[in-house]
Amino acid sequence: MTSRYNPLEIESKWQARWEAEQPYKAIEEPGKPKMFLAEMFPYPSGAGLHVGHVRNFTIVDVLTRFYRQQGLNVLRPFGYDTFGLPAENYAIKTGTAPQDITKDNIANFRKQAKRLGYAIDWSREINTSDPEYYKWTQWCFLQLYKKGLAYQKESYQWWCPEDQTVLANEQVENGKCWRCGHEVEKKKMKQWFFKITEYADELLDDIDALDWPDKIKTMQKNWIGRSVGAEIDFKVSGRKITVFTTRPDTIMGATFLVVAPEYPDLGFLVTDDTRDAVNKYKQDALKKSEIERQENKEKTGIFTGSYAINPATKEKIPIYVADYVLAGYGTGAIMAVPAYDDRDREFAEKFDLPIVEAELIDRDLYGTPKVTYRMRDWLISRQRYWGCPIPIAYDKEGNPHPIPEDQLPVVLPEIKDYKPDSSGRSALAKAKDWLKVKIPVKDEKTGKTHMEEMTRETDTLDGYACSSWYLWRYASPHDKDHAWDPEAIQYWEPLDYYCGGDHAVAHLLYVRFWCKFFADLDYLPFREPIKHLLYNGYINAPDGKKMSKSKGNVIDPLDVINDGYGADTLRTYELFIGPYNLDAAWDPRSVGGVYRFLNRCFNLMDKVSEVDNTIIRHKTIKKVTTDIHKYQFNTAVAALMEYVNELYKQGATEDDLIILAKLLKPFAPHLASEMLERLGANDEWPTWDDKYLASDTVTVVVQVNGKLRAILNVDAADLDDEQKIIDLALTDKKIQKYTAEGIKKTIFIKKAKLLNLVV
RNA sequence: GGCCGAGUGGCGGAAUUGGUAUACGCGUUCGACUUAAAAUCGAAUGGGGAAACCCGUACGGGUUCAAGUCCCGUCUCGGCUACCA
C-alpha cells in the first residue's frame, strides 16, 4: 500500500454507500429481540447543527451501532420539532412563510446529520408541522377532550393592554411588557388546559421504578409536589372560608387567616370602610410581576375588615389579604400560624398580630384529609400562528364543539401577515375563510343531524403537545389510518433508550402523562414510555462559558469536519471529552489527539506481523463492551487507545486489527468500515473469554501500615496460600527493614492481590 | 432560602465501588528520522529532596489494617427551584 488516512475521502465513500443501500432501515421481525433508541428530536434552527447536537446524537449512535453489531433488531429514527416562536418571529420580520423556512432548515439539518454518519432509518423521518403528522396531534387532543381532560378555564394571565396579547412569565420585565414597555396586568382569560393533575399520583408513584438519572427523578417529584394535609372550614358571618394546611395539628396557634388577592369571595369579605383600600391592594398585587415578587419578599397585605372563628379556639381572628398567598395553590386561603411558620411569623410581626405558642392537637380533629399538588394543569393555549391548530369550533352561543375526526387535519392556513393584531387573538383570526366551518349537530328533539356554521378556535397548541406522542409515531410514521399502528407499537415500544440534555420536567413529564392516558384508552400496552433515560451534559466553549453567537465563541461541528478532521474524529472526540452526563469545555488541541489516534489505527494496517496479543485483545474487548454498557464512552475510547499503543509496541496480527475495527465502529464508523472491508471481515461484535484474562503470574502489593513498600511477582496459584505470600514478602529487604520490630497483624486480600503488614 | 451535582497534576479527566492515586489524551522536555521544518516514531513528565525518604485527591475532624471513595463539620463552583401553607 500505502495511502495516508484521508477521512473526508473515506467518509464520503461510506456515506454514499449507506445512502444507496439504506442498511439502517428497521423492519419488524416478530420473535427477534428489538432495541429502540432515539434522541430528543431537534428544533431545526437556521444555524444548523451545533456541537451539543453532535454529542447527543452520537451517544445514541454508539448505542445503536453497538446493539446492531450484537445482532439485535434496532430502530433508530429521526425527526424534527418544528413548530415554535423562532420561525414565527423570523416570518414576521421577513414575510417569509414559516412553512418555507422550516423546509429549508430541515433540509440543512438532514444534510448535516448525514455527514456525521449516523445509523438512522431515514425512511422514518417525522416533522411535527407536517399536516400528515399534526392531523394526529389533533386526534390526540380530541381523545383528551372526549374524556374531559382537555378543557377551558378562566384564569389569570399576564396581559399587555398595549399589544393586546397574553405574555409568558419570562416576557414580563419589571412589571412591563418586554416589547412595548407598557405596564402589564393580570387578566382573567378563558384558556385551554390539559388536566395533567388527574394523573398526578400515578406520575409521582411510578417515578421510583424508572431507570432515569436521580436528578431528573427528583426534579419531577418536586415539580409534582404532593402535599398531604387537610382542609378546614372557618366560619365567617354565615359563610365560610376553607383553608388548606399540611399542619392541621397547629390550629390552636392560628391567629389570623390570609387569602390571595385573586380570592373569588374577596368582595364579600370587605366592608364599606375597607373596600377601596383592599381593591387598590388587589390591583397593585395583580400588576406586580413575578420578578418583582422574587426580588422583594417583604411581606405586604391589608386587613379585609372581616373576622373568622377559629373552630378549635372559638376565637375571633382577623382575615387579611396578602400576595404571599397564591391563588392557584390549595384553596387560595390559609390559616396563619405564626408560631410554627416563618412566613406567617414575618407577616404577624409586621402587622402586629398575636403569635401564640399553642399546643399541638390531633391532626384529624377539625379538618378533612386532603392531598394537594404543586403541579397545575397544563396551559396549552397559545395566541400564535405557527403551531398546531386546536380542533375546536364555537357555535353562535360560544359553546365549543370538537371538529369531527373525519374533518382532520385542521390545516394551518397560509397567510401573509403573521403579526398578532388588536383583537388579542392569534393571526389566524385574520384568515376569514378558514374561520368558518360547518359542523354536524344533532338536534335534541328530532334526533336529526344538520350542518351548522361555526367559528374555529384561533389558539394553537403549545409545542410540547406535538412532542408528547412522537415516540409512538416513529413505530409507524406513515400510517394513514392511525396515530400509531398497534402491531408496530407492540413490537417496538416502549422506547429502550432516550437521550437528551434538556426538558427535565416539562417534556419528560408530558410524555409520561399522555402515555398513561392512552394506556387507559387501550391505545398503548404500557404505562411508561421510556425505559432508560440518558441525560447528557452541555459542551461549552474553550473558555468554559456557554457558546453563543454574541460572544463569538461558537464551534461549528461542520467546520471541524471540513477542516480535515472528519466526522469520525469529531464523534470520537465528543465522547472522549469526558463523562457523557457532565458539562465539558471544547479543547481544540484534544481534537488533534483523537485525530492522531484514528491515524494510528489506520496506519496500523501496514504493520501486520506474527505475534500473540491474545490477552490484551480479550482484555480490550471486555473493557470496551462493559464500558459501553455503563455509558462510559470516554474510558471505552481510552481502552482502544491503550490497545493501539500496545499493538504499536508488539506488532499486530490481522485478528488484532479486525477486533480493533469492530470495537471502533460505533465511535468511528467510516474508518472502521473501511478497515473491515480491507480486512475482509464483518462487523459482528466480538466476545471475550475470561480464561485469557487470568495470567499465570500476578503482582501482589505489599504494604506496611497501609503504605506501599514492595511489589511481588508470584504465581497465580500462590494467591490461595496466604502464608507463602507472607514468607515471600519477608524475603524482601525493604519489607525486612520496615518489619524489624515485629509484625502485629497481617491482612491479605486475595481479590485485591494485596498484603498489608501492621507493625 | 430549598433540592441536586461537582471540587484529583500545568489542563481535560482515570481509579475493578474501601485496596498500587493520577489510566487515556492534551501540553511540556529530550531523543530518532530530515539539509531543515512539519508529520511520524520512541522516552520522560504530581511536588520536595543528593539520597534514604517525606508530602500529596478543596479545607478541618473521625471510622478503618487501609479513605479520592464511608461518617460529621466548613468553604468554593455549577444547575434547578423560588413565599406551594
(request) Determine the Euclidean distance between corresponding C1' atoms of rA38(B) and rC33(B); express it in Å to zero decimal places. (result) 12 Å

(request) Considering only atom P, compute the distance from rG13(B) to rC4(B) and round it to an integer number of Å. (result) 23 Å

(request) For RNA chain B, write out the stems as range with range, using runs of 3 or more consecutive Watson-Crick or G-U pairs with both distances under 3.5 Å. (result) B:1-7 with B:75-81, B:10-12 with B:24-26, B:27-32 with B:40-45, B:46-48 with B:53-55, B:58-62 with B:70-74

With the criterion being N/O to N/O and under 3.5 Å, what pairs connect the protein with nucleotides 61-65 of chain B, and how long is each?
| residue | atom | partner | partner atom | Å |
| --- | --- | --- | --- | --- |
| rC65(B) | O2' | Asn756(A) | ND2 | 3.2 |
| rC65(B) | O2 | Asn756(A) | ND2 | 2.6 |

Distance-only check: which donor-acceptor pairs under 3.5 Å involve side-chain atoms of residues 743-759 of chain A, not counting sequence neighbours?
| residue | atom | partner | partner atom | Å |
| --- | --- | --- | --- | --- |
| Lys750(A) | NZ | Asp720(A) | OD1 | 2.7 |
| Asn756(A) | OD1 | Asn705(A) | N | 3.4 |
| Asn756(A) | OD1 | Gly706(A) | N | 2.9 |

(message) So if I define the base as every atom that isn't primed, P, OP1 or OP2, how would nucleotides 24-29 of chain B read as a B/S/- string at a heavy-atom cutoff under 4.0 Å?
(response) BSSS--

(request) Figure out the CD/C1' separation between Glu346(A) and rC83(B), and round it to whole Å. (result) 9 Å

(message) For Tyr320(A) and Phe303(A), take the angle between the two ring planes, folded into 0 to 90°, and tell me which bin it lands in: parallel under 30, tilted 30 to 60, perpendicular over 60.
(response) tilted

(request) Using the test salt bridge (charged side-chain N to carboxylate O under 4.0 Å, His left out), find all partners of Arg345(A) that sit at least two apart in sequence or belong to another chain. (result) Asp342(A)

(request) Any chance you could list the contact pattern along nucleotides 47-56 of chain B? Use B for base contacts, S for sugar-phosphate-only contacts and - for none, protein heavy atoms under 4.0 Å, 5' to 3'. (result) -----SSSS-

(request) For Asp727(A), check side chain to side chain contact (heavy atoms under 4.5 Å, CB included) against everything at least two apart and list the hits. (result) Gln723(A)

(request) For rG1(B) and rC72(B), measure between their C1' atoms and round to the nearest Å. (result) 23 Å

(request) Figure out the CG/C1' separation between Asn222(A) and rG2(B), and round it to whole Å. (result) 9 Å

(message) Please determine whether a side-chain nitrogen of the Lys or Arg among Asp208(A) and Lys221(A) lies less than 4.0 Å from a carboxylate oxygen of the Asp or Glu.
(response) yes

(message) Between rC80(B) and rU29(B), how far apart are the two C1' atoms, rounded to whole Å?
(response) 46 Å

(message) If you only use heavy atoms from C-beta on, which nucleotide in rA14(B), rC83(B), rU81(B) is closest to the side chain of Lys299(A)?
(response) rC83(B)

Under 3.5 Å, which donor-acceptor pairs do the side chains of residues 501-511 of chain A form with other protein atoms, sequence neighbours left out?
| residue | atom | partner | partner atom | Å |
| --- | --- | --- | --- | --- |
| His503(A) | ND1 | Tyr464(A) | OH | 3.2 |
| His507(A) | NE2 | Tyr498(A) | OH | 2.8 |

(request) Would you indicate, yes or no, if rC4(B) has its OP1 or OP2 atom less than 4.0 angstrom from a side-chain nitrogen or oxygen of Gln220(A)? (result) no

(request) Cation-pi check, Lys299(A) to Tyr324(A): give yes when NZ or CZ is under 6.0 Å from the six-membered ring centre and within 45° of the ring axis, no otherwise. (result) yes

(message) Need to verify one output field. Residue with the more 5' nearest nucleotide on RNA chain B, Leu582(A) or Tyr648(A)?
(response) Leu582(A)

(message) Counting only side-chain nitrogens and oxygens, does Thr372(A) get under 4.0 Å of the OP1 or OP2 atom of rA85(B)?
(response) no

(request) Using the P atoms only, state how far rG47(B) lies from rA23(B), rounded to an integer number of Å. (result) 13 Å

(request) Apply side chain to side chain contact (heavy atoms under 4.5 Å, CB included) to Asn645(A) and list each qualifying residue two or more places apart in sequence or on a separate chain. (result) Arg600(A)

(message) Closer than 4.0 angstrom, basic N to acidic O: yes or no for Asp377(A) and Lys195(A)?
(response) no

(request) Just grab all the salt bridge (Lys or Arg N to Asp or Glu O under 4.0 Å) pairs involving residues 211-220 of chain A, residues at least two apart or on different chains. (result) none

(request) Examine the side chains of Tyr329(A) and Ser227(A) and answer whether a donor and an acceptor come within less than 3.5 Å of each other. (result) yes

(request) Rounded to whole angstrom, note down the P distance from rG18(B) over to rA85(B). (result) 37 Å

(message) Tell me which pairs pass salt bridge (Lys or Arg N to Asp or Glu O under 4.0 Å) where either residue lies in residues 619-644 of chain A, with sequence neighbours left out.
(response) Lys622(A)-Asp690(A), Lys623(A)-Asp627(A)

(request) Quick one: which residue pairs count as a salt bridge (Lys or Arg N to Asp or Glu O under 4.0 Å) with a foot in residues 574-589 of chain A, not counting sequence neighbours? (result) none

